[in-house]
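Structure, as structure tokens:
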Amino acid sequence: MAKVLTSRSESYSQWYNDLVLKADLAENSAVRGCMVIKPYGYAIWEKMQAVLDRMFKDTGHVNAYFPLFIPKSFLSKEADHVEGFAKECAVVTHYRLMNSPDGKGVVVDPQAKLEEELIVRPTSETIIWNTYKGWIQSYRDLPILCNQWANVVRWEMRTRLFLRTAEFLWQEGHTAHATQAEAMTEAMTMLKVYAKFAEEYLAVPVVQGVKTANERFAGAVETYTIEALMQDGKALQSGTSHFLGQNFAKAFDVTFTNQEGKIDHVWATSWGVSTRLMGALIMAHSDDNGLVLPPKLAPIQVVIVPIYKSMEELDKISVVAKELVAKLKAKGYDVKFDDNDKKKPGWKFAEYELKGVPVRLAIGPRDLENGTVEVARRDTLTKEVMQLDGIDERIVSLLDDIQTNIYQKALDFRAASTTKVDSYEEFQKVLDEKGGFVLAHWDGTSETEQRIKDETKATIRCIPLDNEQEAGVCMVTGQPSTQRVVFARAY
RNA sequence: CGGGGUGUAGCGCAGUCCGGUAGCGCACCUGGUUUGGGACCAGGGGGUCCCAGGUUCGAAUCCUGGUACCCCGACCA
């Protein structure tokens with residue numbers, strides 16, 4: 001088979017770049033740091049959106065939409081928040097262009113300078129809390145459980161398709177509550193939603209945990225995260241849920257009258273996942289032949305390739321194939337019968353492998369004679385001839401098997417890539433030679449965490465929820481510690 | 001934002017050192033033979049050589065300045 005991808009062993013990052021481009025997921029655009037998500041890639045994102053949106057609705061949330069632009073003054077109201085985002089904000093300063101005096105093209109009209117500059121949202125807490133102020137008077141107005149699907153802009157210096165782009169798509173939930181406990185429960189609920197989505201749909205096992213102060217979202221009291229492990233041993237933060245306390249309520253003066261008639265600030269959360277999940281999906285499962293997609297999110301779940309010599313043969317195969325397509329579609333699956341006469345079967349096989357289609361069926365003259373069909377599964381690259389009769393039922397269970405199998409594979413990989421260490425020396429050795437999650441004792445200080453980051457490039461990904469308590473000493477300072485935390489080099 | 005590399009047909013590249021008016025593979029078009037793992041033969045079309053200046057009789061090639069992408073750092077989801 002012609003090799004179209006750099007192999008993972010040769011260069012993991014090059015493999016990733018090749019794969020995103022060759023599988024037609026996305027490409028770089030004319031705008032620095034911004035990508036074009038191509039139809040095949042966007043179809044995966046749409047499936048993610050559909051599932052997540054359902055999960056949000058099922059947990060009581062509603063969708064709304066807030067402006068792309070945020071008055072500059074809003075951003076500076078919460079001190080930590082502005083500090084966290086100031087360095088990567090795009091700023092709108094003018095609202096009009098004019099013909100260039102030299103006749104070549106257009107220039108910004110200096111007359112059209114904005115009174116107050118507008119920030120292109122890097123996240124929407126500020127504009128939303130400014131809005132919520134008008135929505136909330138009493139505890140009867142609470143909770144507010146809004147989500148928005150939107151694009152945001154963070155002016156990154158170095159970008160990579162899906163993993164870090166200047167503009168990306170995401171959803172951001174913003175909730176307002178009467179009590180601290182309720183807001184905390186909300187942040188947890190959404191973390192669990194993300195974990196469930198990652199594991200059941202992306203087929204990516206995740207560690208749920210809380211971030212350290214160093215890694216916390218700017219403006220949050222606590223940041224909860226789901227951390228996934230990629231095949232190269234690096235961690236990928238795949239979703240975050242923040243307990244914002246009363247920070248934004250105080251910054252935007254959002255108060256309410258509680259049941260006792262007293263005025264209090266509102267409690268808040270925010271939570272989001274982005275097109276970065278595409279990166280997690282790609283890097284968790286795919287191989288040197290191309291994408292491996294979990295059936296639940298694959299745009300095409302089953303493809304049927306006819307093998308034929310004459311048009312008469314194709315016609316006969318089409319009858320069988322179209323019948324099967326109808327059956328599977330009736331069961332809710334996305335099926336494609338590729339009767340394109342311009343491409344040969346071998347080409348199609350390679351192409352659908354590259355694009356990660358979970359199940360490929362081939363039907364040729366031999367199958368018509370024998371009442372069979374060749375079934376190939378993408379995850380294991382194995383083929384089997386099965387009876388055509390009842391094949392739709394077998395495909396349904398096969399798709400389930402594949403979904404389970406790739407999750408199990410990722411889970412096994414994570415187990416094999418998780419190492420407990422008790423000395424700083426061993427820590428560094430494991431990071432360099434093996435990678436993955438490294439569980440170690442830490443004294444709980446930002447100084448030590450920063451030192452480890454400076455010296456090893458590894459960060460604390462999270463302190464797992466329900467973490468096993470275990471007396472020990474910090475591997476760096478020797479100070480007492482009550483539990484191990486998860487370290488890794490990360491994307 | 002620092003260091004390095006690369007921009008030549010849709011894609012991947014050679015040509016650049018040593019200046020003389022652009023080539024290879026794949027893809028594309030036409031015809032034929034093919035079709036159970038990226039078919040073959042024959043013919044054909046396609047280029048402001050990243051952009052802007054400069055040097056020169058002449059620039060893909062030399063000089064200056066931009067710009068985009070890739071890799072490695074710093075920053076971040």
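- The separation between A:E83 atom CD and B:C76 atom P is 10 Å, rounded to whole Å.
- For the pair A:N289 and B:G37, the criterion of a side-chain N or O lying under 4.0 Å from OP1 or OP2 is not met.
- Salt bridge present: A:D432 and A:R489 bring a charged side-chain N and a carboxylate O closer than 4.0 Å.
- OP1 or OP2 of B:C71 sits under 4.0 Å from a side-chain N or O of A:N17.
- Applying the salt bridge (Lys or Arg N to Asp or Glu O under 4.0 Å) test to pairs two or more places apart or on separate chains, none has a residue in residues 229-245 of chain A.
- Not counting sequence neighbours, the partners of A:D287 by the salt bridge (charged side-chain N to carboxylate O under 4.0 Å, His left out) test are A:R378.
- In terms of the salt bridge (charged side-chain N to carboxylate O under 4.0 Å, His left out) criterion, residue partners of A:K38 (sequence neighbours excluded) are, by chain and number, A:D24, A:E27.
- Listed by first then second residue, pairs satisfying salt bridge (Lys or Arg N to Asp or Glu O under 4.0 Å) with a partner in residues 307-323 of chain A number zero, not counting sequence neighbours.
- The stretch residues 365-377 of chain A touches RNA chain B through A:P365, A:R366, A:D367, A:E374, each having a heavy atom within less than 4.0 Å of the strand.
- A heavy-atom distance below 4.5 Å is found between the side chains of A:I304 and A:I363.
- Of the residues near RNA chain B, A:R154 and A:A362, the one whose nearest nucleotide (by heavy atom distance) lies more toward the 5' end is A:A362.
- Ion pair A:E351/A:K344 not flagged as a salt bridge, since none of the NZ, NE, NH1 or NH2 atoms sits closer than 4.0 Å to an Asp/Glu carboxylate oxygen.
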Enumerate all atom pairs, one protein N or O and one N or O from nucleotides 72-75 of chain B, separated by less than 3.5 Å.
from	atom 1	to	atom 2	distance (Å)
B:C72	OP2	A:R158	NH2	2.6
B:G73	N7	A:R158	NH1	3.4

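- Remark: A:E88 pairs with no residue by the salt bridge (charged side-chain N to carboxylate O under 4.0 Å, His left out) rule, at least two apart or across chains.
- Atoms CD (A:E353) and P (B:G38) sit 12 Å apart, rounded to a whole Å.
- Using a 4.0 Å cutoff on non-hydrogen atoms, the parts of residues 306-325 of chain A near RNA chain B are A:I307, A:Y308, A:K309, ordered by number.
- The salt bridge (charged side-chain N to carboxylate O under 4.0 Å, His left out) check on A:D389 picks up nothing, with sequence neighbours excluded.
- Test A:R360, A:R377, A:K383 against A:E353 for salt bridge (charged side-chain N to carboxylate O under 4.0 Å, His left out) and you get one pass: A:R360.
- Pairing partner, B:U35: none, since no Watson-Crick or wobble contact has both distances short of 3.5 Å.
- Among pairs with a residue in residues 70-86 of chain A, those fulfilling side-chain hydrogen bond (donor to acceptor under 3.5 Å, both in side chains) read A:K72-A:E117, A:S73-A:E116, at least two apart in sequence or across chains.
- Note: A:F427 and A:W442 fail the aromatic proximity criterion, with ring centroids not under 6.0 Å apart.
- Positionally, the nearest nucleotide of RNA chain B for A:N28 lies more toward the 5' end than for the other of A:N28 and A:T275.
- As rounded to whole Å, 17 Å separates atom P of B:G36 from atom CG of A:L361.
- Between A:R366 and A:E374, none of the side-chain N atoms (NZ, or NE/NH1/NH2) sits under 4.0 Å from a carboxylate O, so this pair counts as no salt bridge.
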Report, one pair per line, the protein and nucleotides 39-42 of chain B atoms (nitrogen or oxygen only) whose separation is under 3.5 Å.
from	atom 1	to	atom 2	distance (Å)
B:A39	O4'	A:K344	NZ	3.2
B:A39	N9	A:K344	NZ	3.4

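- Of all the heavy atoms in A:W129 and A:A176, the pair that sits closest is CH2-CB, 3.6 Å.
- Note: CD (A:E351) to P (B:U35) measures 22 Å, nearest angstrom.
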Between the protein and nucleotides 9-11 of chain B, are there any N/O to N/O pairs under 3.5 Å, and if so, what are the atom names and distances?
none

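- If you measure from atom OH of A:Y491 to atom C1' of B:C71, you get 14 Å, rounded to the nearest angstrom.
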